[in-house]
Every structure is written in C-alpha cells, then in structure tokens.
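What follows is a short report on a single structure.
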Amino acid sequence: MEIQEIWRVQGKKADFEELGKMFGILPVTARIIRNRNHRTMEEYNGYLRGTIESMKSPFLLKDMQKAVRMIYNAVESQKRIRVIGDYDIDGVCSGYILTDLLKTIGADADFDVPERVKDGYGLNERLIKQSFDDGIQMIITCDNGIAAGIPVEYAKSLGMQVIITDHHEVPFIDEGDKRNFILPGADAVVNPKQEDCTYPFKDLCGAGVALKLVTALLDYIKEKDGGRQESWDEKLKKYYVFAAIATVGDIVDLTGENRILVQYGLENIKKTDNYGLQALIAVNHLEEKEITSYHIGFILGPCINAGGRLETARLAFRLFMAENAAIAAELAAELKDINELRKNMTIEFTEKAIKQIEASEEMQKDRVLVLYLDRCHESLAGIIAGRLREKYNKPAFVITDSADGAKGSGRSIEGYHMFDNLVMTNASANCFSKFGGHSMAAGLSLPKENIELFRRTINENCNLTEEMMARKIWIDVALPFEYISQRLIDELKLLEPFGKGNEKPVFADRIVVINRLQVRGKNRNVIIMNITNANDTQIEAVLFETEEEFRQGLRKKYPESRIDALFHGYNSDIQLSVIYYPEINEYNGLKNIRVVIKRYLC
C-alpha cells in the first residue's frame with residue numbers, strides 16, 4: 001500500500017528581519033520560532049531566554065496552599081503517607097520526586113503503583129484497601145487520580161486524607177449547552193487542567209506537577225522554619241532532572257515551562273548523584289555522549305517503562321531510590337534486559353501484524369486498521385498500533401487477549417478523532433464493554449466475538465478521504481543549500497531540545513542532482529552523496545537507508561540501468577526533491593557542512 005505524501009511549507013507571517021535584529025538571530029531562525037506558534041515579543045523572549053527562575057510560583061496552582069499545609073501537618077504528626085503513582089515513566093518519576101522529598105524532610109512515607117494487567121490505570125479500591133490495611137493515613141497520587149471519584153470516596157470513608165496531583169483532563173458531562181466538570185472529592189486537587197486553576201501553563205506532565213508540589217512544600221517549610229533549610233535547594237534542583245525525563249518520556253508538548261525544564265534537565269543529567277540514574281546511563285553506554293531528548297525518548301525512557309509493561313514499575317522506582325551503586329547497577333541491568341525482551345516481542349508481533357494486513361485484501365482496503373494478535377502481551381498493543389499507524393498512515397487498533405475477553409489500544413492520524421469515532425461505533429453496534437480516550441489515542445475492552453463487528457462497523461462509519469490519509473510533511477523553510485552556514489547550524493542548537501510541540505526544523509531544496517554516490521555501513525545502510533542544486537551549489541549529503549530501499553525509491557521514476565550506473569560510481573543526472581537538516585560532520589579531524597536527507601521524492 002503506497003502512501004501519498006503532501007509536502008507543505010509553513011506559511012506563518014511576521015517581520016522576520018526585525019525579529020532577527022531584536023533577538024540577534026538570523027531571519028530564518030526567527031521564522032522557525034514563529035512556525036512553533038510563537039507570536040509576541042514576550043513569547044520569543046521566553047523561548048530564547050527562559051530560565052528556571054522565570055517559571056511561575058507553584059502557589060498559583062489551585063489547592064496548592066491547602067495541599068502543602070496538610071502534608072506539613074502530616075509529617076509533623078508522623079502520619080503514615082503513601083504516594084501512589086502510575087506504571088509509566090511519568091508515574092515513576094513523579095512518584096520518586098514526591099517520595100524521596102517526603103523521606104528527606106522526615107516523613108514516614110512509601111510508594112505504591114497499580115499493576116498494569118491486574119489493576120489497569122490509576123487509583124483503585126484494591127490499592128486503597130491495601131493502604132488502609134498497612135496503616136496509611138494519607139494518600140498522595142501523582143500522574144493519576146483526577147478521574148478516581150469512586151476510589152477517593154472509598155478512601156475518605158475509611159478515614160484517610162487524599163491529595164490528588166495529576167495533569168490529565170478533568171472528566172465532564174455535557175448537559176445541553178452546559179459542561180459540568182466532575183472532580184474527585186479529595187481534600188486537595190492539584191491539577192492545572194482544572195477550569196478555575198490560575199496557573200498559566202497548563203501542559204505540565206505528572207512529574208512537572210509533582211515538582212511544583214515539592215517546590216511549594218519546601219518554600220512553606222522554609223517560611224515556617226525561618227529559612228534554615230537552604231541546603232534543600234540543591235536537592236530540589238536534582239528533581240528537575242527527573243521532571244525533565246518524565247516530560248520527554250510522557251510526550252507532552254515541549255513548549256513553555258516544559259521546554260525550560262527539559263533544557264535544564266539535559267544540562268544537568270550527568271551531574272546527578274542519583275545512583276540509579278547513573279547506573280541507567282552507564283548500562284546504556286551513554287557516559288561519553290551528550291544526552292539529548294532523543295536518548296531519553298528512545299533509550300533511557302523505554303528502560304524505565306519496561307518494568308511497568310512486562311513486570312512491575314516498582315523496579316524503576318527501586319532503581320531511583322537505590323542507596324548504593326552496586327544495587328543500582330543490578331537493577332539497571334535488569335531493566336535493560338526487560339527492555340530488550342520488550343523490543344524483541346514488539347518486533348515479533350509488529351511483523352505478525354504487518355503479515356496479517358498484507359495477506360488480507362479486505363484489510364488493506366480498510367481505512368481504519370483493526371486486528372487481533374493472539375498471545376501478544378496487552379502492554380505492547382499501543383506500541384504496535386503506533387507502528388502500524390506510521391507505516392500505513394491509517395488509524396490502527398491492536399487487540400489482544402485479556403482476563404475478561406479482549407482488550408485493545410488505538411493510535412490515530414491527524415484529522416481522525418479516535419474517541420469520537422468509538423462513540424459513534426458503539427452507538428451503531430454496541431460492541432464494547434468499556435472504552436475511553438481522546439483524539440489521537442484510545443483504549444477499549446470488548447468480547448472477543450465482537451472484534452470483527454468492531455472492524456466492520458468502524459470502517460462503515462469512517463469518513464476519512466484519500467486526501468486526509470495522505471501523509472502531510474511540514475517544511476519550515478524552502479532553503480537552497482547556498483543559504484546554509486555555520487551560524488545557522490549554531491543557531492539551530494538554540495532551538496533545542498526537540499520533541500513534540502517543538503519539532504526539529506526541516507528545510508527543503510526543490511531540485512537536486514546526484515553527482516555520485518557511495519554506500520557505507522556494516523549493513524550498507526548509509527548512503528553518502530555529492531549533490532548539486534539548481535543554483536549549482538554542491539554539498540555532501542547523507543541518507544540513512546539501505547541500498548535496496550534507496551533503489552526502490554528511485555525505481556518510481558528511473559530505469560534500472562540508470563540506477564545501476566549511479567551505484568557503480570558513474571556520474572548521474574538523477575534528480576530528487578529533498579527535505580533535509582544541516583549539520584557539521586567531523587571525520588578524521590576535518591569538519592565540513594553537510595545535509596542529512598530526511599525525505600526525498602523523485
């Protein structure tokens with residue numbers, strides 16, 4: 001199934017020459033920042049010059065004063081406190097931040113987390129009953145709890161105090177034109193998404209909210225103690241690293257305070273004295289590398305998540321709480337091994353899913369992919385759905401077995417609201433026992449015999465057009481190679497860290513000719529080219545594809561004989577349009593500017 005691509009150049013307007021002069025940057029750099037939806041001088045200033053000190057007071061968060069006063073009193077009276085997190089990277093990091101700080105200030109505190117398969121997501125009655133049996137008097141949630149109305153009510157009936165810290169959307173019911181938000185009946189609810197919360201930045205992850213809570217708690221303690229706890233400020237700074245890891249790992253937008261957090265965290269991640277984080281960096285051989293958001297998102301983060309997927313998130317929590325290097329090294333190695341198993345399982349079942357799709361003409365025609373994977377671990381369903389979405393550029397649901405039937409996860413594409421379409425499908429066929437989600441992702445449970453009904457119904461109701469299913473590639477600037485400079489490459493570093501909401505910028509040159517080509521790499525998956533654009537500017541380019549993948553791309557326009565000549569070292573007049581990113585390449589002590597080709601069209 002070949003996917004149509006539509007390349008579009010961002011068209012947001014501003015006086016880029018003037019912005020460049022004001023902030024001492026190139027007009028191209030000013031344009032890229034505008035493409036990230038920054039408009040005003042204040043927004044540009046915050047983007048380029050924001051610091052930890054510029055972040056807003058945590059006491060602007062609704063119920064923050066109440067929460068810290070309750071926690072302070074609980075610590076003073078030696079009440080037993082339990083932090084309850086979630087089984088993913090955000091839940092573990094926020095749980096570590098809260099629990100470690102509570103222990104540091106002398107609290108009788110511990111941590112618990114739901115089991116993915118047994119409990120599902122978030123606070124539940126089993127965890128509350130266990131807390132009560134353990135003599136817990138206060139529960140503090142992190143990265144969950146905003147939708148836990150019934151469990152909170154149960155905890156309150158048992159005489160426990162409950163503080164919710166979360167970042168997820170507040171549940172609501174629409175009654176005519178009025179939207180009624182449903183908050184749990186906790187003693188305090190700290191969540192910037194609350195309608196009447198005055199905190200100006202709404203997109204913190206769970207660990208970001210936890211960081212705000214511990215910041216406020218230390219401020220409150222210093223005020224109570226006459227400012228005698230200054231040494232705790234250094235401890236607080238170390239929590240920023242874990243908030244940064246969670247911010248990248250939870251894939252929230254890297255804008256505003258999130259971007260500041262991640263910048264600071266990445267600058268300080270190797271300075272950490274946390275044995276667990278040190279061990280995780282070492283076991284992944286990152287000691288000598290500059291750690292970026294890529295390393296968190298694709299190397300460190302998956303290790304932290306792996307325990308919660310296949311075993312228990314307590315492993316990652318124990319790693320960060322490790323009291324010596326030997327224990328930390330053992331736990332880090334265990335998490336890495338689990339992640340390797342998870343990766344292998346993901347590859348195996350993704351290949352099975354692709355074979356299932358390719359073997360079915362009917363499924364290939366479907367605009368929404370729905371497939372059942374026998375014996376696939378349910379924690380992998382969302383990852384595999386995401387990979388199918390990327391490969392086919394279609395919404396994808398992957399369904400696996402569960403204790404009470406079947407369970408699925410879905411990942412969507414731009415323009416297809418996944419949750420709304422599940423609502424419509426269930427209204428038509430009543431095939432789910434439970435479902436939830438939002439525009440880009442969803443989860444569901446259903447009887448196994450309803451899987452085919454679900455596939456058929458959701459496709460019958462699908463309104464996706466061919467244009468909507470085309471892959472849309474956004475280009476920051478159509479920039480011929482002659483405009484690339486050392487200064488531009490240096491300024492692009494000012495825009496880091498890159499991630500969701502602050503994507504790595506890409507440029508395009510419309511017509512380039514391949515002069516010559518070499519294939520390198522152990523697996524022949526690095527293609528080095530000398531290319532010339534329409535203005536006769538030559539530059540080195542690198543493409544990370546196998547020889548066969550590149551040949552296949554060229555075959556869409558050129559005969560095999562001309563492709564063979566190119567690969568045998570002859571000069572070529574084969575033309576491409578390219579999307580690229582410029583970089584400095586260093587080899588044998590020599591440096592040169594080159595471009596990394598991200599996409600191409602013949």
Hey, does the side chain of Lys202 reach the backbone of Lys193 with a donor-acceptor pair shorter than 3.5 angstrom?
no

Students often mix this up, so state it plainly: with edges at 30° and 60°, are the rings of Phe419 and Phe435 parallel, tilted or perpendicular?
tilted

For side chain to side chain contact (heavy atoms under 4.5 Å, CB included), just list the numbers for Asp143 and His168, CA-CA rounded to whole Å, side-chain angles, deciding distance to a tenth of an Å, and then say yes or no.
CA-CA 8 Å; Asp143 191 35; His168 292 97; 3.3 Å; yes

OH/Tyr275: more than 12 non-hydrogen atoms of other groups inside 6.0 Å
no

Hey, could you give me the SG/CE distance between Cys462 and Met468, rounded to the nearest 0.5 Å?
7.5 Å

Could you point out which residue of Ile89, Val248, Leu286 forms a side chain to side chain contact (heavy atoms under 4.5 Å, CB included) with Leu300?
Leu286

Backbone of Leu60 reached by a side-chain donor or acceptor of Thr198 within 3.5 Å
yes

Can you tell me how far CG of Asn284 sits from CD1 of Ile291, rounded to the nearest 0.5 angstrom?
9.0 Å

Under 3.5 Å donor-acceptor, Asn461 side chain and Asn421 backbone:
no

Does atom CD (Glu330) have a neighbourhood of more than 12 heavy atoms from anything else shown, all under 6.0 Å?
no

Could you walk me through whether Val368 and Tyr416 pass the side chain to side chain contact (heavy atoms under 4.5 Å, CB included) check?
CA-CA 10 Å; Val368 181; Tyr416 184 84; 3.6 Å; yes

If you round to the nearest 0.5 Å, how far is CG of Leu98 from CG of Leu211?
9.5 Å

Step-by-step salt bridge (Lys or Arg N to Asp or Glu O under 4.0 Å) determination, Glu43 to Arg34:
CA-CA 10 Å; Glu43 288 170 340; Arg34 176 67 187 91; over 6 Å; no

Side-chain contact test, heavy atoms from C-beta onward, threshold under 4.5 Å: evaluate it for Phe320 versus Ile304 and give yes or no.
yes

Side-chain heavy atoms of Pro497 within contact of Gln263, under 4.5 Å
yes

Please verify the inter-ring angle class for Phe181 with Phe172; under 30° counts as parallel, over 60° as perpendicular, anything in between as tilted.
perpendicular

Begin from the C-alpha positions of Glu496 and Val262 and carry the test side chain to side chain contact (heavy atoms under 4.5 Å, CB included) through to its verdict.
CA-CA 9 Å; Glu496 296 178 356; Val262 175; over 6 Å; no

Would you say Ser433's side chain and Ser445's backbone share a donor-acceptor pair under 3.5 angstrom?
yes

Rounded distance (nearest 0.5 Å) linking atom NZ of Lys407 with atom OG of Ser402:
6.5 Å

To the nearest 0.5 Å, tell me how far Lys270 NZ sits from Asn268 CG.
12.5 Å

What are the two closest non-hydrogen atoms of Met160 and Ser131, and how far apart are they?
SD-CB, 4.3 Å

Side chain to side chain contact (heavy atoms under 4.5 Å, CB included) with Lys238: of Asp273, Ile97, Thr272, Leu277, only one passes, and it is Asp273

Heavy-atom closest contact (Ile146 atom, Ile164 atom, distance):
N-CG2, 3.9 Å

Applying the ring-ring contact (aromatic ring centres under 6.0 Å, His included) test to Tyr96, which of Phe317, Phe242, Phe111 qualifies?
Phe242

Sub-3.5 Å donor-acceptor pair from the side chain of Lys212 to the main-chain atoms of Lys56, do we have one?
yes

Lys66 side-chain N/O to Lys62 backbone N/O, donor-acceptor pair under 3.5 Å:
no

Taking Asp86 for its side chain and Val113 for its backbone only, find out whether a donor-acceptor pair lies under 3.5 Å.
no

Taking everything shown except Asp177 itself, do over 12 heavy atoms lie less than 6.0 Å from its CG?
no

Identify the two heavy atoms, one from Lys336 and one from Cys303, that lie closest to each other, and give their separation to 0.1 Å.
CA-SG, 4.1 Å

Specify the closest pair of heavy atoms between Asn430 and Asn450, including all atoms of both residues, with the distance to one decimal.
O-ND2, 4.4 Å

Any sub-3.5 Å donor-acceptor pair from Glu503's side-chain atoms to Gly501's backbone N or O?
yes

Run Ile338 and Leu315 through side chain to side chain contact (heavy atoms under 4.5 Å, CB included) and show every step you take.
CA-CA 11 Å; Ile338 294 170; Leu315 276 174; 3.5 Å; yes

Residue pair Ile150 / Glu125, side-chain heavy-atom distance below 4.5 Å:
yes

Is there a side-chain contact between Lys103 and Met321 in this structure, where contact means two heavy atoms from C-beta onward sitting under 4.5 Å apart?
yes

Minimum heavy-atom separation for Ala207 to Ser94, with atom names?
CA-CB, 3.5 Å

Should we count CG of Leu183 as having more than 12 external heavy atoms under 6.0 Å?
yes

Verify, without hydrogens or angle tests, whether Arg80 (side chain) and Asp134 (backbone) share a donor-acceptor contact under 3.5 angstrom.
yes

Examine distances only and state if a side-chain atom of Asn305 and a backbone atom of Gly249 form a donor-acceptor pair shorter than 3.5 Å.
no

Using 0.5 Å steps for rounding, measure from the CD1 atom of Ile245 to the CG atom of Asp250.
13.0 Å

Are there over 12 heavy-atom neighbours, none belonging to Lys12, within less than 6.0 Å of that residue's NZ?
yes

Step through it carefully: locate the ring centre of Phe432, locate the ring centre of Phe454, and say whether they are under 6.0 Å apart.
yes

Does Asp253 form a salt bridge (Lys or Arg N to Asp or Glu O under 4.0 Å) with Arg259? I'd like the steps, not just the answer.
CA-CA 8 Å; Asp253 284 352; Arg259 185 163 169 273; over 6 Å; no

Please report the closest heavy-atom contact between Ala244 and Leu261, naming both atoms and the distance.
CB-O, 3.5 Å

